[in-house]
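Since the structure comes first, as structure tokens, the remarks are kept for the end.
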Protein chains: 2
Amino acid sequence: MAVRQRATIGDVAARAGVGVGTVSRVLNGSRNVSEDTRERVLRTMCDLDYRPNRRARALSTGRTQNVAVMAPFATEPSVVERLRGISRVLQGSDYDLTLLDVATADQRDRQYRAVAAGDRFDALLAISLTPTDDDVKRLARAGLPTVLLDCDHPDLPRVVIDDVRGGMLATRHLLQLGHRRIAFMGEDADERFRFTASARRREGCELALEAYGLALEAPYVRVGPRGRAATHRLTDELLALPERPSAIVTSSDTQALGVLEAASSSGVRIPQDLSVVGFDDLDVAAYVGLTTVRQPLHASGETAARLLLERVGQTLGDPVRKVLELEVVPRRTTTVAGA
Amino acid sequence: MAVRQRATIGDVAARAGVGVGTVSRVLNGSRNVSEDTRERVLRTMCDLDYRPNRRARALSTGRTQNVAVMAPFATEPSVVERLRGISRVLQGSDYDLTLLDVATADQRDRQYRAVAAGDRFDALLAISLTPTDDDVKRLARAGLPTVLLDCDHPDLPRVVIDDVRGGMLATRHLLQLGHRRIAFMGEDADERFRFTASARRREGCELALEAYGLALEAPYVRVGPRGRAATHRLTDELLALPERPSAIVTSSDTQALGVLEAASSSGVRIPQDLSVVGFDDLDVAAYVGLTTVRQPLHASGETAARLLLERVGQTLGDPVRKVLELEVVPRRTTTVAGA
DNA sequence: CTGAAAGCGCTTACAG
DNA sequence: CTGAAAGCGCTTACAG
């Protein structure tokens, strides 16, 4: 069967005996159309199974109905849940979600430029990818509404958590269980990537210890690249310490899983010999009973997406900064010291 | 600073002293341009920092450079890894990836129609969402290249696994370890959603047992909705059987995690008292040491995306059907019977 | 090899 | 309230 030609606005106009401008007006809900003609046009559109051509509208209006979501999708497990929240909100809108996966700092730089220079998107939502001042300027110059999620910039609306507080919460949970020899395991701060969460959580860990008159000694801080192998190495180092820690604060659930695995393969019992706290509360945390600092990943995506929809096509007010709540979810990987 | 107007093809033409048609030709790499003018135009484009307007090109050519990836993204963990593979391949192309999340059968039906009726996409890649015959016809009529991943339809190119074989592999692994009382835990076959993987894996489980002269008795088959709570219930039912199974074949890693959790909270030791096999080999499987049937999720996305790129803008040959390899990855949740 | 022109399907002042 | 027309920025026969 041949491809049947779709009806255009011209077909509708001709059939309804009006001008294309009028059809366009009813299409866009303009008030300046008599009830009579509106109805006639509407009926004709229905008869012809007319659907507006997005491409033509895009060229005419300069808008694409596409929003870009730029994120380290391949490498960062927490991004997935945020993305689900974003997708959920965008489903209720007229916007399509284009996924821009970014794995390296170079890619991030390129994508920020491409998005600002191009005409593919009506808005940008960037996750965990802090823009440079230049990026922000280019975006502003291009008039592209932008919202940040899990990263920060003073000139942009953003949804974040208080990472320092997160580190404090995790550590305080352990302190309250009686632990005193507490270690911190974090991720390399890739300078170029500007991930700072891990460093700030460590800061929180220190502050919490200080409040108890304790210090976070250098040997008890282990920072390395992500991945199972690296996490195992870091864990082994901590477990080999003359005064082995009784608890470890990690900077992600994934890392915590690696610690659990390494510990169990060294015959270290969880939580009797070692308490472990994760960060994020990924789905898997509940399955394996991981005590963790919960951040509302799904809700963060929803909030950011709503913020973005608010900005699209509106005059911009002052950039908002929403800080989401954190809480410790105690499960089976932590217990009282000396249990 | 005001929004600086982007240069158009007209600006370039004027500055270079040629017609817009010529500029368009060098843009599209047409052979019919003299080396001289080509170079002059190229230089001018560079001077003016010219970038072609996608929207205009889309209207003119009828193509959007957007491919839709439709998937149960919010509900199906395996989709994430597939999506990563797709994204990776698409990054090397000129196509953007639009994510169409589908959570219910209704949404699936609506999206299939919308994609076929609309003009938003140049191609469609559907994951785990079997189309109806009508859907396929509409897609064909719309001339929309379509590829299926993890679902099947005779008229469409598709990338699948042999689920029956997967069930056999898992079961055979346990049989070879000496297990004889083997249970199967699967997911409800939501008729309307046309998920059939679980039922086919169960079939494979039966076949493997039969080859050993064993039967899969009704009490040893438990099927229910997904989710931790349901999985716990199913596990408790199996563990309460007068002749408790020594091993369970599950139809997903997520479900297997639920079994591990339920078992351990009942004081059943893994793997000494109970062996468990998952399906998929999600990242988390390695972390928790789950024995599982590995299917190449990432590679499946890559393969499907490549198939899609091949179809875009090409005349269609016979639909290919690629069947990916499966293998058992033995880890720490299975051991010899009576260990 | 190259230019002028029509056309893609809309939107939006501009008249009336 | 409504129609005719220009315009969005490209592509692509059609002449030459």
Side-chain angles (χ1 to χ4, degrees), chain A residues 3-42 44-45 48-66 94 117-120 122 142-143 313, chain B residues 3-42 44-45 48-66 94 117-120 122 142-143 313:
Chain A
V3 175
R4 200 186 347 146
Q5 287 305 316
R6 295 251 311 268
T8 71
I9 203 175
D11 298 332
V12 176
R15 180 83 107 83
V18 299
V20 294
T22 302
V23 177
S24 175
R25 273 173 220 117
V26 347
L27 217 44
N28 294 291
S30 164
R31 307 269 294 96
N32 302 327
V33 183
S34 76
E35 201 43 52
D36 263 22
T37 49
R38 172 188 307 284
E39 258 185 32
R40 186 148 37 93
V41 169
L42 248 19
T44 312
M45 295 200 302
L48 266 41
D49 190 29
Y50 168 77
R51 289 158 208 256
N53 180 319
R54 269 216 199 201
R55 294 184 297 256
R57 183 178 282 190
L59 179 56
S60 202
T61 62
R63 278 173 296 124
T64 60
Q65 303 295 94
N66 269 118
D94 285 333
D119 47 14
R120 295 183 287 166
D122 292 349
Chain B
V3 176
R4 195 176 1 135
Q5 288 304 316
R6 295 255 309 269
T8 73
I9 203 175
D11 298 330
V12 176
R15 180 85 107 85
V18 300
V20 294
T22 302
V23 177
S24 175
R25 274 172 219 118
V26 347
L27 217 45
N28 294 292
S30 163
R31 305 271 294 97
N32 301 327
V33 183
S34 76
E35 201 42 51
D36 262 21
T37 49
R38 172 189 305 283
E39 257 185 35
R40 188 148 36 93
V41 169
L42 249 19
T44 313
M45 296 201 303
L48 266 40
D49 191 30
Y50 169 77
R51 289 157 207 256
N53 181 317
R54 269 217 199 200
R55 296 183 296 255
R57 182 178 282 188
L59 179 57
S60 202
T61 61
R63 279 173 295 125
T64 60
Q65 304 296 94
N66 269 118
D94 285 333
D119 47 14
R120 295 182 288 165
D122 293 347

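We name chains A, B, ... by the order of the sequence lines, and we start the count at 1 in each one. The basis for the numbers below is simple: all heavy atoms, side chains too, and nothing from hydrogens, waters or symmetry mates.
Judged by distance alone, with hydrogens and angles left aside, the side-chain atoms of Thr22(A) form no donor-acceptor pair with the main-chain N or O of Val18(A) at under 3.5 Å. Checked by atom type and distance alone, the side chain of Arg63(A) never pairs as donor or acceptor with a backbone atom of Asp122(A) at under 3.5 Å.
Scored by the side chain to side chain contact (heavy atoms under 4.5 Å, CB included) test, Ser60(A) finds no partners at all (sequence neighbours excluded). Residues passing the salt bridge (Lys or Arg N to Asp or Glu O under 4.0 Å) test with Arg120(B) are Asp96(A), sequence neighbours excluded. Legend: residues meeting side chain to side chain contact (heavy atoms under 4.5 Å, CB included) with Asn53(B), ordered by chain and number and at least two apart, are Asp119(A), Arg55(B), Ala56(B). The side-chain hydrogen bond (donor to acceptor under 3.5 Å, both in side chains) search around Ser24(B) returns Asn28(B), not counting sequence neighbours. Applying the side chain to side chain contact (heavy atoms under 4.5 Å, CB included) criterion to Arg38(A), with sequence neighbours excluded, gives Val26(A), Val33(A), Glu35(A), Leu42(A). The side-chain hydrogen bond (donor to acceptor under 3.5 Å, both in side chains) search around Ser34(A) returns Thr37(A), not counting sequence neighbours.
Atom CE of Met45(B) and atom C1' of dG9(D) are 15 Å apart (whole Å). Between the CD atom of Glu35(B) and the C1' atom of dC1(C) there is a distance of 12 Å, given to the nearest Å. The interatomic distance linking Asp36(B) (CG) with dT2(C) (C1') rounds to 13 Å, in whole Å.
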Base versus backbone protein contacts along nucleotides 10-16 of chain C [heavy-atom cut-off under 4.0 Å; B, S, -]: BBBB---

Strand DNA chain C as a dot-bracket string - pairs counted if Watson-Crick or G-U with both distances under 3.5 Å, | where the partner lies in another strand: |||.||||||||.|||

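Mapping Leu59(A) and Thr37(B) onto DNA chain C by nearest heavy atom places Thr37(B) closer to the 5' end of the strand.
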